[in-house]
Each structure stands twice: as structure tokens, then as C-alpha cells.
Asks: 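Submitted below is the structure of interest, expressed as C-alpha cells.
Residue numbers run from 1 in the order of the sequence given. Here the structure is a predicted model, which means the values were calculated and not measured.
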Amino acid sequence: MNSLPDLAAVEAMDEADPLRVFRSRFALPAGVIYLDGNSLGAASHEVFAEVRQAAMEEWGNGLIRSWNSAGWFHLPLELGDRIGRLIGAAEGQTVVTDSTSINIYKTLHAALAMRPDRNVIVAEGDSFPTDLYMAEGVVSTRPGLTLRLEGRDADTIEELIDESVAVVLVNHVNYKSGELRDMAALTKRIQAAGALVIWDLCHSAGALPVDLDGAGADFAVGCTYKYLNGGPGAPAFIYAAKHHHASIVQPLSGWWSHARPFAFEQSFDGDASIKRFLCGTQPILSLRALKGALSIWDEVDMNALRRKSIALTDFFIRLVEEKCGQYGVELETTRDSEKRGSQVSFIHSNAYEVMQALIERGVIGDFRAPSTLRFGFTPLYVSYRDVWRAVTVLEDILSSGSWKEARFAVRSAVT
């Protein structure tokens, strides 16, 4: 193996980085190396400006007039189309609304309504839990419906698909391991069996190029508070291929999804567009924070982003294995960069304690039970120097055994 670069060589890598100009647009705290953007993205200065404008001027002075004068009512569609550019969706197919969990519930019901003669949902056993919980919730509302899980009922999703399957709910990037699915190939396999697919893009939107239209996807959901930096609890999004719009039926039929919301009619008549997935009045201040976050993304070359993501994660894996491999860390994420999202996970028998020690030293990643150290790499503001420094701190914690101090074993409410 080639010798590891020194700090000067690492800083030269940063100088050559075409995305380095974006870092200054984020409000990053001094002394912190932030490798947890796959849980909550950092705030940009544009976000703060948008929230101040929306709260102090539009709400404070415009009051209810701002629904029209500031364009509040149209934000779900406007922001949906801006996200659509990042996920390979033509205009009019993406809407920002509600949370990922609620959107999973709505899209599962919509897909089941399109396949009324089928009675099986397929999902991954190692999916992020909310996907499974919402799928279980949908099953509880429909007698005869069952849930099959990859890893429990068969080794692969492909083995679970037959003529009884209505819909497959699948993550594009696994939240824990970082494994990246082949969207086009799996979509084709699912649809060949007559089923529909819902892609969960929580760990890929803003992390790598996505091509929903090119893959022929039916539906997708995702959050905006991770790589898209929309803020804690920022509204999520739903994508639906245009050819499905006339067939969409979902149970949360609120007034914003009505074809004529201001007619105040007694009975529901759903809009025939992507607006059918809306429900009630939208959280305008959160939407405006997201608008500020997305203003940066309008300038980002997604292919350049992906190249840097691969370079950062490859570099991190190489450094950790050379410097820390002797201390019991084992790579959980695939080495194949083409099958990896923008995160890297390592296993350690005392992962929780090690992560708490890292956080105390200013290197913020996260822990996933039972033994995963997870690190997210957001190319717009993570530098090669950040990676080099983070591994230096990790090596010191492991070699010194400082993670064994009793305070690091104390579990907090949020870990």
C-alpha cells in the first residue's frame, strides 16, 4: 500500500477541491469536525436569512396577507420541483409535505389502492425502523394484508417478489451500513412482477445523484434535514411518477389536497396532480428554512458532489484501517465505492463509548446499536483535512484507551 499523505498533502487536496467554496456558506462551529450530516445537516447562512425574512417581515408585518403576497401557499410545489432536480424528477412530480413517516403511510396506501387484487407488502428487515413501523401500521388497517421482510422471510428482496406482492418499500441507501441499491435494476425486477416500488431516499437525496425518472420509479419519499440541510424536523417530500397521478388515492385527504381548497365544499374531491399527497396546512417557517437551504443546491453539480463523496469515504476507510485497525475496529460498509452512499460505518465492541469520547473531542459522528460507529460525509462542507484530523483523534482515543473512562458509558436519552 502507498504511504499515507502528510498534512501538507491533505491540505493540497483541499485546495484542489472544486466544492471548497461552499464550506464558508455554512455556520459551522469552531473546533468541531462534523461527520453527522446524515442525521442532521449543518445550517447555512441562507437558512437564517430566510427564516428572519419569513418571521419578522412576512409574518410580523404581512400577517395573513403573506399567504398570497409572499407566495406561502405555493411553497410545497415550488420546493418540490427544486428537490426534483436533485433526485432526477421532472417538474410537477415532487411535493414537500409532512414527515417521512407520514409520507410512507400515504404512499403505501396509494400503491395498495392501485393493486387491489394483491395482499403483500415487501420491505427490508434492516430498514430504518420507521419504515417498518409504518408498514405494520398500514397492515393493521387492511384485513388479509401481510408484510414480508428481507432477512427474515428470505435472504433477498428479489426472492420475496411474486404475483401476490402489491408494493415494495426499499431504501436506496441503508441507514446503518451505507449500502447503495441499484435503483434501475431493482425497479425493473419489481415492476416485471406487476408490483409497485416506493424508494426511501433519506440517505441519498443530497448525497449522490438520483435518477427516479430514468429508473422508471413509481414513488419515492425522503427527508430534507440530513444532506439537504433543511433543519431539525424539516418537512419531507413525496415523488410520484406523473402517469400515476390520476390514480392516487390516499387516506389523509386534507383540505390542501382538494381540487378546489378554497371552495370549502362539504365532500372531498381530490386534486389530480401531485398535490393529491398534501394534507393540511403546511409549516411555513420550516418551509422557508428549507427554501434557504435549497438555494445552495441550485448551484451544485451533483456529479462533482459524488466524486468528492467517494474520495472522502475512500480516504477515511484507508486512514482508519491503517491507523486504527489494530484496536478492534472492523469495516461494516462495503469497500466498493459504487455500492456505497456518502457514509462509512465501522464496528467496535464498545462503539457507544468510543463515539462519546470522539464527540467530547469535537469529532461528531453517531452510534447505532448494537455496535456501529457511523460517520456521514457531506461534501459541501467536509474537507479532507477534517477526515485526516478525525482519524488522528480516533487513533488517540483507541490507543490510549481513554474511551474506557466511566463517564463515556452513561447512556443519554438520544444516542
Asks: Could you tell me the separation between the CG atom of Leu380 and the CZ atom of Arg20, rounded to the nearest 0.5 Å?
Replies: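 Rounded to the nearest 0.5 Å, the CG-CZ separation comes to 14.0 Å.
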Asks: Check the pair Asp182 / Lys339 against salt bridge (charged side-chain N to carboxylate O under 4.0 Å, His left out), numbers first and verdict last.
Replies: CA-CA 8 Å; Asp182 186 331; Lys339 297 180 179 179; over 6 Å; no
Asks: With rounding to the nearest 0.5 Å, note down the distance linking OG1 in Thr107 to CD1 in Ile248.
Replies: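 Thr107 OG1 to Ile248 CD1: 10.0 Å, rounded to 0.5 Å.
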Asks: Using only atom types and a distance under 3.5 Å, with no angle test, would you say the side chain of Asp211 pairs donor to acceptor with the backbone of Gly214?
Replies: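 Confirmed, Asp211 side chain pairs with Gly214 backbone.
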Asks: Is the closest basic N to carboxylate O distance between Arg260 and Glu265 below 4.0 Å?
Replies: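 Between Glu265 and Arg260 there is a salt bridge, with a charged N closer than 4.0 Å to a carboxylate O.
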Asks: For the residue pair Phe367 and Met355, what are the closest heavy atoms and their distance?
Replies: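 Closest heavy-atom pair between Phe367 and Met355: N-CG, 4.1 Å.
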Asks: Would you check if the side chain of Ser127 reaches a backbone N or O of Pro129 as a donor-acceptor pair within less than 3.5 Å?
Replies: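 No, because the side chain of Ser127 does not come within donor-acceptor range (under 3.5 Å) of the backbone of Pro129.
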Asks: Salt-bridged, Glu58 to Arg65, with N to O below 4.0 Å?
Replies: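 Here Glu58 does not pair with Arg65 in a salt bridge, since their nearest N and O are not under 4.0 Å apart.
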Asks: What is the minimum heavy-atom distance between Met302 and Leu208, and which atoms define it?
Replies: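 Closest approach of Met302 to Leu208, heavy atoms only: CE-O, 3.7 Å.
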Asks: Go through the steps to decide whether Asp218 and Gln191 satisfy the test side-chain hydrogen bond (donor to acceptor under 3.5 Å, both in side chains), and finish with yes or no.
Replies: CA-CA 9 Å; Asp218 297 300; Gln191 293 175 344; 3.1 Å; yes
Asks: When you compare the side chain of Asn38 with that of Phe375, does any pair of heavy atoms fall below 4.5 Å?
Replies: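 No, side chains not in contact.
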Asks: What about the rings of Phe219 and His244, do their centers lie closer together than 6.0 Å?
Replies: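 Between His244 and Phe219, which both carry aromatic rings, the centre distance is below 6.0 Å.
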Asks: Within the structure provided, determine whether Leu186 and Val170 are in side-chain contact (heavy-atom separation under 4.5 Å).
Replies: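 They are in side-chain contact.
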Asks: Does a donor on one side chain sit under 3.5 Å from an acceptor on the other, for Thr97 and Gln282?
Replies: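 On atom types as modelled, these side chains qualify, holding a pair under 3.5 Å.
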Asks: Name all residues meeting the salt bridge (charged side-chain N to carboxylate O under 4.0 Å, His left out) criterion together with Asp336; count only those two or more places apart in sequence or in a different chain, and write none if there are none.
Replies: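 Asp336 satisfies salt bridge (charged side-chain N to carboxylate O under 4.0 Å, His left out) with no residue once adjacent residues are dropped.
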Asks: With a 6.0 Å cut-off on ring centres, are Phe73 and Phe262 close enough?
Replies: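 Yes, they do, as the ring centres are separated by less than 6.0 Å.
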Asks: Is the shortest distance from a Lys or Arg side-chain nitrogen in Asp126 or Lys176 to a carboxylate oxygen in the other one below 4.0 Å?
Replies: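 Salt bridge absent between Asp126 and Lys176.
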Asks: Take atom CH2 of Trp59 as the centre, draw a 6.0 Å sphere, and report whether it contains more than 12 heavy atoms from other residues, nucleotides or ligands.
Replies: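 Not more than 12 within 6.0 Å, no.
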Asks: Going by distance alone, is a donor N or O of one side chain under 3.5 Å from an acceptor N or O of the other, for Asn171 and Glu179?
Replies: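 No, because no side-chain N or O of Asn171 sits under 3.5 Å from a partner of the opposite role on Glu179.
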Asks: CD1 of Ile161 to CD1 of Ile157: how many Å apart, nearest 0.5 Å?
Replies: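 Here the interatomic distance stands at 7.0 Å.
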Asks: Using the rule given for side-chain hydrogen bond (donor to acceptor under 3.5 Å, both in side chains), can you reason through Ser39 versus Arg374, listing the C-alpha separation, both sets of side-chain angles and the distance that settles it, and then say yes or no?
Replies: CA-CA 10 Å; Ser39 290; Arg374 194 179 70 156; 2.8 Å; yes
Asks: If only atom types and distance count, is the side chain of Lys106 paired as donor or acceptor with the main-chain N or O of Phe277 below 3.5 Å?
Replies: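 The answer is yes, because a donor-acceptor pair under 3.5 Å joins these two groups.
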Asks: Return yes if some donor-acceptor pair links the side-chain N/O of Ser309 with the main-chain N/O of Leu305 below 3.5 Å, else return no.
Replies: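 Side chain of Ser309 to backbone of Leu305: no pair is present.
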Asks: For the residue pair Thr372 / Ser345, report whether a side-chain donor-acceptor contact shorter than 3.5 Å exists.
Replies: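 No.
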Asks: Please check if the side chain of Asn350 supplies one atom and the backbone of Glu353 the other of a donor-acceptor pair under 3.5 Å.
Replies: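 Looks like no, no N/O pair under 3.5 Å.
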Asks: Using a 3.5 Å distance criterion without hydrogens, assess whether the side chain of Lys308 forms a donor-acceptor pair with backbone atoms of Val382.
Replies: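 It does hold such a pair.
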Asks: Determine, for Arg335 against Glu321, whether the closest basic-nitrogen to carboxylate-oxygen distance falls under 4.0 angstrom.
Replies: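 Glu321 and Arg335: salt-bridged.
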Asks: May I have the step-by-step check of side chain to side chain contact (heavy atoms under 4.5 Å, CB included) for Arg318 and Leu4, ending in yes or no?
Replies: CA-CA 9 Å; Arg318 180 184 170 195; Leu4 296 175; 3.5 Å; yes
Asks: Could you check if a side-chain atom of Val197 sits within less than 4.5 angstrom of a side-chain atom of Val167, using non-hydrogen atoms only?
Replies: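 A side-chain contact is absent here, since even the closest heavy-atom pair is not under 4.5 Å.
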Asks: Kindly check if the number of other-residue, nucleotide or ligand heavy atoms within 6.0 Å of CZ (Phe268) is above 12?
Replies: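 More than 12 heavy atoms, drawn from other residues, nucleotides or ligands, come within 6.0 Å of this atom.
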Asks: Quick one, Phe128 and Asp200 - any side-chain contact, counting heavy atoms below 4.5 Å?
Replies: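 Phe128 does not reach Asp200 side chain to side chain.
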Asks: Contact between Trp256 and Pro261 at the side-chain level, heavy atoms closer than 4.5 Å - yes or no?
Replies: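 When only atoms from C-beta onward are counted, Pro261 and Trp256 do not touch, as no gap falls below 4.5 Å.
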Asks: Is there side-chain contact between Ser371 and Glu332, with heavy atoms separated by less than 4.5 Å?
Replies: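 No, too far: nothing below the 4.5 Å cut-off.
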Asks: Give, for atom CD1 of Ile359 and atom CG of Asp36, the distance between the pair rounded to the nearest 0.5 Å.
Replies: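 Here the rounded value is 7.5 Å.
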Asks: Under a 3.5 Å threshold, yes or no: a donor from one side chain and an acceptor from the other, between Trp403 and Gln356?
Replies: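 Result is no, nothing qualifies.
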Asks: Test side-chain hydrogen bond (donor to acceptor under 3.5 Å, both in side chains) on Asp386 and Ser383; report intermediate values, then the result.
Replies: CA-CA 5 Å; Asp386 287 336; Ser383 68; 3.2 Å; yes
Asks: For Ser257 and Asp271, test the side chains for any donor-to-acceptor distance below 3.5 angstrom and give the result as yes or no.
Replies: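 No pair is found: no donor N or O on one side chain lies under 3.5 Å from an acceptor on the other.
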Asks: Determine yes or no for a side-chain-to-main-chain donor-acceptor pair under 3.5 angstrom, with Gln250 supplying the side chain and Arg276 the backbone.
Replies: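 Pair found, side chain donor or acceptor close to backbone of Arg276.
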Asks: Can you tell me if Leu63 has over 12 outside heavy atoms packed within less than 6.0 Å of its CG?
Replies: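 Yes, enclosed.
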Asks: For the residue pair His348 and Tyr327, what are the closest heavy atoms and their distance?
Replies: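 For His348 versus Tyr327, the nearest heavy atoms are NE2-O, 3.2 Å.
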Asks: Is the distance between the ring centroids of Tyr239 and Trp199 under 6.0 Å?
Replies: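 No, ring centres 6.0 Å or more apart.
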Asks: Does Tyr227 use its side chain to pair, donor to acceptor, with the backbone of Ser342 at less than 3.5 Å?
Replies: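 Judged by distance alone, yes, a pair lies under 3.5 Å.
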Asks: For Arg189 and Glu158, what are the C-alpha separation, side-chain angles and deciding distance, and is it a salt bridge (charged side-chain N to carboxylate O under 4.0 Å, His left out)?
Replies: CA-CA 7 Å; Arg189 171 68 180 84; Glu158 289 82 354; over 6 Å; no
Asks: With no hydrogens and no angle check, just 3.5 Å: does a side-chain donor-acceptor pair link Asn103 and Thr100?
Replies: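 Judged by distance alone, the side chains do not pair up.
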Asks: Using the salt bridge (Lys or Arg N to Asp or Glu O under 4.0 Å) definition, which of the options Arg288, Lys291, Arg25, Arg52 pairs with Glu46?
Replies: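 The option that passes is Arg25.
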Asks: Considering only heavy atoms from C-beta outward, does the side chain of Ile347 approach that of Leu373 to under 4.5 Å?
Replies: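 A side-chain contact is absent here, since even the closest heavy-atom pair is not under 4.5 Å.
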Asks: Closest heavy-atom contact between Gly178 and Gln343?
Replies: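 For Gly178 and Gln343, the tightest heavy-atom pair comes out as N-NE2, 3.4 Å.
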Asks: Measuring only between side-chain heavy atoms, which start at C-beta, is His172 closer than 4.5 Å to His203?
Replies: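 No. Closest side-chain heavy atoms not under 4.5 Å.
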Asks: Nearest 0.5 Å please: distance from the CD atom of Gln53 over to the OG atom of Ser66.
Replies: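 The distance works out to 9.0 Å.
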Asks: Check Asp314 with Arg340, please: is the shortest side-chain N to carboxylate O separation under 4.0 Å?
Replies: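 The answer is yes: the pair qualifies as a salt bridge.
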Asks: Identify whether the distance between the nearest side-chain nitrogen and carboxylate oxygen of Glu124 and Arg181 falls below 4.0 Å.
Replies: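 Yes.
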Asks: Within this structure, what is the OG1-CG distance for the pair Thr378 and Leu228, rounded to the nearest 0.5 Å?
Replies: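 Separation between the atoms: 11.5 Å.
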Asks: Please report the shortest heavy-atom distance between Pro76 and Leu278, naming the atom on each side.
Replies: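 Answer, listing the atom of Pro76 first, then Leu278: CB-CD2, 4.0 Å.
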Asks: Gln93 and Ala89: which non-hydrogen atoms are nearest, and at how many Å?
Replies: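 Closest approach of Gln93 to Ala89, heavy atoms only: NE2-C, 3.9 Å.
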Asks: Has Arg411 got its NZ or CZ under 6.0 Å from the middle of the six-membered ring of Tyr352, at an angle within 45 degrees of the ring axis?
Replies: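 Judged by the rule (NZ or CZ under 6.0 Å from the ring centre, within 45° of its axis), Arg411 counts as positioned above Tyr352.
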Asks: Is the gap between the ring centers of Phe22 and Tyr381 under 6.0 Å?
Replies: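 No - the distance between ring centres of Phe22 and Tyr381 does not fall below the 6.0 Å cut-off.
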